[in-house]
Amino acid sequence: MNNVAREDAFEHQLKPLWDRAQDGDEAAYRAALTKIAARLRAFFGRRLRASPDDVEDLVQETLLALHLRRGTYSSDLPVSAWVHAIARHKLIDLFRRRGRREDLHETFEDLEDAVLAVTDDAQHAKRDLLELLNFLPALQRQAILLLKIEGLTAPEASSRTGVSVSALKVQAHRGLKRLALIVGQR
């Protein structure tokens, strides 16, 4: 079974459990988290061969983040893609804490087929995000694009734009608050 077929089978098993969990089914929630935890251990294990002690910590951090962000999940997205995005952010956070920037960039060959398979969803999400950003004033939009989308540090974004670090942070914060209000109204 290739990676795409394996990911489709995983999504096929996980999606109904997650949907029931979102409706309050505790048993389905536990079953979904058990499946997700196993997948996360494999995901982190492949990337942290040199530090296997971190694998379980990241699994637990990711499961906690999933629990805390359950309300942000959109049922029109694959659950596995949503989980993968959160897991990847947790991995990046670990690398940043350790100063390992070289590990943040996967080569094209390292990308999982499943990630490549959700390109259409990613394109739709990108289009929707850019559409939402157009509701913001230019300074807020620019700060969010540089700091949150491109992932620049505040000093990097400041040197690129000539705007002070504190002003960029304030604009990003205000923009994110405004986006939350906009999304909440839709």
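Reckoned from all heavy atoms, side chains included, excluding hydrogens, waters and symmetry mates. None of these values were measured; they are calculated from a predicted model. Residue numbers start at 1 and run along the sequence shown.
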What heavy-atom pair brings [X] and [Y] nearest, and what distance separates the two atoms?
X    : Y    : answer
A154 : V165 : CB-CG1, 3.5 Å
K15  : V79  : CD-CG2, 3.8 Å
A87  : F44  : O-CE2, 3.5 Å
S159 : E156 : OG-O, 2.9 Å
G175 : Q140 : CA-OE1, 3.5 Å
W82  : R69  : CZ2-O, 3.3 Å

Checklist entry - In this structure, which one of L66, I86, T62 forms a side chain to side chain contact (heavy atoms under 4.5 Å, CB included) with I36? => result L66

Checklist entry - Is the shortest distance from a Lys or Arg side-chain nitrogen in E150 or R160 to a carboxylate oxygen in the other one below 4.0 Å? => result yes

Item to check | Over 12 non-hydrogen atoms of neighbours within 6.0 angstrom of CZ in R20 | outcome: yes

Working to the nearest 0.5 angstrom, can you tell me the gap between [X] [atom1] and [Y] [atom2]?
X    : Y    : atom1 : atom2 : value
Q171 : L176 : CD    : CG    : 11.0 Å
L40  : H84  : CG    : NE2   : 9.5 Å
R39  : T34  : CZ    : OG1   : 14.0 Å

Checklist entry - Under 4.5 Å between side-chain heavy atoms, hopping through other hydrophobics if needed: is there a path connecting F95 to L147? => result no

Checklist entry - Run the side chain to side chain contact (heavy atoms under 4.5 Å, CB included) check on Q60 and L64 step by step: do they pass? => result CA-CA 6 Å; Q60 295 307 315; L64 179 60; over 6 Å; no

Next on the checklist: Students often mix this up, so state it plainly: with edges at 30° and 60°, are the rings of Y29 and W18 parallel, tilted or perpendicular?
Outcome noted: tilted

